[in-house]
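Residue numbers begin at 1 in each chain, while the letters A, B, ... track the order of the sequences.
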Amino acid sequence: MRPRPTRGSPGEWGRPSPGKPLRPPEAGASLLRFMKLWSQFFVPTLKESPADAEIASHKLLVRAGLVRKLGGGLYTYMPLGLRALQKITQICREEMDSAGAIELWMPHLHPVELWEQGPRWAAAREIMFRADSAGDGKRTSKDPEFVLGPTHEEIITPLVKTEITSYRDLPKNFYQIATKFRNEIRPRYGLMRAREFIMMDAYSFDTTDEGAVRSYLAMKAAYEKFFRRVGTQAIAVEADTGVMGGSFSHEFMVPAEVGDDDVIYNEASGYAANREKATSALVPADLADSAPAGAVEEFATPGAVTIAALEAAPFNVPADRQFKTLVYVGDGKPFLVILRGCDELEEAKLGSLGFTLFRPATPEEIVPVLGAKPGSLGATRGSLKEPGALAGVFADHAIRLIGNGVTGANKDGFHLRNVNVSRDLAITRFGDFRRVRVGEPDPKSGQPLQVRRGIEVGHIFKLGTKYSEKFNAVYTDDQKQSHLMVMGCYGIGISRTMQAVIEQSHDADGIVWPWNCAPFQVLICVLDPQLPEAMELARRLGAAAESTGADVLIDDRAERPGVKFKDADLIGLPLRLTIGGKGLKEGVIELKWRAGKDVVKVPVAEAEARVAAEVREAAARAG
RNA sequence: CGGGGUGUAGCUUAGCCUGGUAGAGCGCCUGGUUUGGGACCAGGAGGUCGCAGGUUCGAAUCCUGUCGCCCCGACCA
C-alpha cells in the first residue's frame, strides 16, 4: 500500500497528525545547506490577481508570492521576493565597490535642522514624512523634530565636512543601500511608486569640477554595468535636475508602456532625453528678424480669450503667429513666460530660471500687475504697466520664428497686431521653455524625434557646490587654500528595478526571471516526491547546480503535476528540471528553460554533468 | 490636493437600481477516489456587508458624514 502523500506545509515537522506518515528526516541533509525545499520554504502563490493591481508586473509580484501589501505604497517583501531583491542588491554593491565607491549606512531619522539648513527644504518638505517624538508638532530641546529621509545629501555633506578636510583624502564616493521614505502624493503600481522603498544612494566629493565629472562618468559606467548584469535594458537619457538641483544629470530608463516618463529620442543619432529636458533644433541659430510690416496696432477682440478663438474667423490669426503670455509666481514675485501660440509650456524647464519655488499665478494676482485678465495678456514695452513688479519676462527661442504676430494688449477685449520680437517685446532673456513634439528635428542630427514611455530606475546628478556651500564642506589644497568640495549624487531604485525587470520580462504564464536576479536559478520539480529515488536524484542534481554557482529550489510538495507546473511558470525561475516517476522508468529527467519552449530529455546518468554545464554557460552569458 | 470609482469570508466577486433569512468560485479543514499542465465526490469551518450616525416596523441595499483602497493629473528612484 502506498502511503497517502502528505501536504507540504510549514510546521509540518512540528505538528505530526495521527495516521499521517511523516517523511523520514532528510537523508544527505548536508547537501541541503543552501538548497531550499519548497515544502519548508514559503511561496504563497495565487491563482487570481488582487483587485488593486493594474499592471502585469504588479499582479505578478503578488501572484508569485513575492510581496504582500500592508497599505498604499507599503509592501512586505516575502521570502522569494526578498531573495530577488538581495540578488539585485548584491550586484549593485559589487558594481559600486568596483567603481571605487565605499559603503556605509546612515540614519533614516533626520534632525529637521539639517534639512532647514540645506538648500531644498522649501521644495522637499511636502514629500517628507515627519516624526515628532512628542507627537504634538512642538519642538523643544527634549523633543526634537525629525523627518524620515527621502535621500541623504543633508546627512552626508555635514559628515564629510567634519571628517574630511584635506585634498589628500579626496576624491571619495560614499554609498548605502537602504530604505527611503517619501510621502508620494499618489503611490501607484505596487513597488513602482511606493512610500517606502529601497534605494542605493551614492554621494561623490571631489576637489575640482573636472574631478566631479570623472566621478560622474565613473558612476554612469557602473550603472550601465549594473543594469546589464541585472538583465534589464536600461538606457541613459538626459534629464532635468528637478528639486535636487545641480548642473547636469542622466536618468536610466527601462522602456515600458506603463512608465510615467516620456523619453524623447532618435534611434539613429543616439539622442535621448526625458521629455522635461528634451529639446529640438527647431530654430536656426542664425535666424534673422523678419521685417516689421508696420507699427503696432490695437484691435478689438471681444470675447476672444483663447488661441483657438483668435485662429477662427473673423480674426484668422494662425496659432504659430500668436504670442502666448503665461504668468507665474516665482518666490513670491510674478514673472512672464512667452511662447508661440501653437506651443505648450514644459513647466519643468522653468527650473532653469533659478527660483526655489514657482507656480502658475491666479487671475487675482494677474489683474493688478498686468491690467487685464488671462486671454488678453502680452509683454510689449508699450503695454506693460509696471515692468518693475515682474521678476522677469522669459521668452522661448521659438517665438523668434514669429514675424508681425499678435499678442494681448493687457486690456480686456483687445489684442495687438504687427508685434515683432526684438522691436516690441520687453524680454529679459530667452530660453528653452517649450515642450518638444514628436517629429521635430533632433538637436544632434536633425532627424525626426520619436517618443516612448519608460520607467525611471536610476538617476545621476552632477551637483556642483550647491550642498557644500550650505554646509560649508571645504577642504584645504596643497597651497593651504580652502575650496568648496564639488559633489555628485547618484540613485538606483532597487525595489523599483525588481519590478521593472518583471514588467520587461514576463509572459502570459508568469515571470521570466533573468539569470542574475532570479530568486533561485534552478527549480527542480519532483513530481513524485514520495519516491526516495526521486528525491535522492533531486538532491544530486541540486548539488551539481549549486557547485557551479546556481541557487536551487526543490519543489517537493505533494501537489498534482499541473499545480506544480503552473506555479513553476508563475514564479519563473530560469531553469526547470523535472523528475517524475515515468521519466525515471525510462531513465531520463527533463530540462526546460523558462524563456524557451523546448523540453530536453536527459539520461539520468548524464544529468549531473549536463546540469552543471548548462548552469555554467548561463552564468557566463549573464555576466 | 482636484476629478472619477470602489469597499460584502483569506482571495476573486454576485446581491444594491426596486429595503424583508447574505450567495457563488478559488483557497482552507475532514474522509474517500485520483495523479505529467491549476482533479473529482461527500461533508465542514469561515462574513457585526469598512466605520459612525440617520430614515424605516425592518438597511449590505436609501440618506449624511468619515476612513481605506484603486484610477486620471502635478511630484519622484
Report the distance from atom [atom1] of [X] to atom [atom2] of [N], rounded to the nearest whole Å.
X	N	atom1	atom2	answer
A:K59	B:rC71	NZ	C1'	13 Å
A:L527	B:rU35	CG	C1'	10 Å
A:D262	B:rA74	CG	P	10 Å
A:F565	B:rU35	CZ	P	16 Å
A:R557	B:rU35	CZ	P	20 Å
A:F226	B:rA77	CZ	P	15 Å
A:E54	B:rC69	CD	P	16 Å
A:Q530	B:rU34	CD	P	14 Å

Looking at [X], does any N or O in its side chain come under 4.0 Å of the phosphate oxygens OP1/OP2 on [N]?
X	N	result
A:K564	B:rG37	no
A:R188	B:rG73	yes
A:K180	B:rA77	no

Considering only the [atom1] atoms, how many Å lie between [N] and [M], rounded to the nearest integer?
N	M	atom1	answer
B:rA24	B:rG5	P	31 Å
B:rA39	B:rG3	P	48 Å
B:rU12	B:rG53	P	28 Å
B:rU8	B:rC70	P	14 Å
B:rU21	B:rU33	C1'	36 Å
B:rG50	B:rG38	P	36 Å
B:rU61	B:rC76	P	43 Å
B:rC17	B:rU6	P	14 Å

Going by side-chain contact (heavy atoms from CB on, under 4.5 Å), name the residues that satisfy it together with [X], two or more places apart in sequence or in a different chain.
X	value
A:R228	A:K225
A:E606	A:V602, A:P603
A:T232	A:F227, A:V230, A:V254, A:V501, A:Q504

Parallel, tilted or perpendicular: which describes the rings of A:H110 and A:H152, with under 30° parallel and over 60° perpendicular?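 Ring orientation of A:H110 relative to A:H152: perpendicular.
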Please work out whether the ring planes of A:H108 and A:W105 are parallel, tilted or perpendicular, with thresholds of 30° and 60°. perpendicular
Any idea which of [options] is nearest the [X] side chain?
X	options	answer
A:K69	B:rA77, B:rC69, B:rG38	B:rC69
A:F461	B:rC69, B:rA77, B:rU35	B:rA77
A:R195	B:rC69, B:rG38, B:rC76	B:rC69
A:Y189	B:rG38, B:rC71, B:rG37	B:rC71
A:D261	B:rG38, B:rG37, B:rC76	B:rC76
A:R560	B:rC72, B:rU34, B:rG38	B:rU34

Contact residues, residues 75-94 of chain A to RNA chain B [heavy atom, < 4.0 Å]: none
Does anything in residues 492-504 of chain A reach RNA chain B, meaning a heavy atom under 4.0 Å, and if so which residues? A:G493, A:R496
So among A:K470, A:R120, A:K466, which one has a side chain to side chain donor-acceptor pair (under 3.5 Å) with A:E153? A:R120
So, applying side chain to side chain donor-acceptor pair (under 3.5 Å) with A:S204, which one of A:Y216, A:Y490, A:Y175 is it?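 Going through A:Y216, A:Y490, A:Y175 one by one, the side chain to side chain donor-acceptor pair (under 3.5 Å) with A:S204 is satisfied by A:Y490 alone.
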Give [X] one of three labels, base, sugar-phosphate or nothing, depending on what nucleic acid heavy atoms sit under 4.0 Å from its own.
X	value
A:R125	nothing
A:A194	base
A:E590	base
A:D201	nothing
A:G580	base
A:V457	sugar-phosphate

Report yes or no: is the cationic atom of A:R83 (NZ for Lys, CZ for Arg) under 6.0 Å from the centre of the six-membered ring of A:F520, at an angle within 45° of the ring normal?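 A:R83 over A:F520 ring: yes.
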Protein-nucleotides 8-12 of chain B N/O pairs closer than 3.5 Å?
residue	atom	partner	partner atom	Å
B:rU12	OP1	A:A51	N	2.5
B:rU12	O2'	A:E48	OE2	3.4

Among pairs that include at least one residue of residues 53-66 of chain A, which meet side chain to side chain donor-acceptor pair (under 3.5 Å), considering only residues two or more places apart or in two chains?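 Non-adjacent pairs meeting side chain to side chain donor-acceptor pair (under 3.5 Å): A:S57-A:Q499, A:S57-A:E503, A:H58-A:Y75.
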Can you check whether any acceptor in the base of B:rG27 is under 3.5 Å from a donor in the side chain of A:R63, or vice versa? no
Give a yes or no on whether the backbone of [Y] and the side-chain of [X] come within a donor-acceptor separation of less than 3.5 Å.
X	Y	answer
A:R453	A:G259	yes
A:D201	A:T151	no
A:K592	A:G596	yes
A:R68	A:V62	yes
A:K564	A:E559	no

Salt bridge (charged side-chain N to carboxylate O under 4.0 Å, His left out) partners for A:R452, two or more places apart: none
Test salt bridge (charged side-chain N to carboxylate O under 4.0 Å, His left out) applied to A:R437 - qualifying residues, sequence neighbours left out: A:D343
Given pairs defined as Watson-Crick or G-U wobble with both distances under 3.5 Å, what dot-bracket annotation applies to RNA chain B, with ( ) intrastrand, [ ] crossing, | other strand and . unpaired? (((((((..((((......[..)))).((((((.....)))))).....(((((..]....))))))))))))....
For A:F355 together with A:F335, are the ring centres under 6.0 Å from each other?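 Between A:F355 and A:F335, which both carry aromatic rings, the centre distance is below 6.0 Å.
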Table please: side-chain donor-acceptor pairs of residues 568-585 of chain A below 3.5 Å, with sequence neighbours left out.
residue	atom	partner	partner atom	Å
A:R576	NE	A:T578	OG1	3.4

Could you tell me whether A:K349 and A:D396 have a side-chain N and a carboxylate O separated by less than 4.0 Å?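 Judged by the 4.0 Å cut-off on N to carboxylate O distance, A:K349 and A:D396 do not form a salt bridge.
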Dump the pairs, protein N or O against N or O of nucleotides 2-7 of chain B, anything under 3.5 Å, distances to one decimal.
none

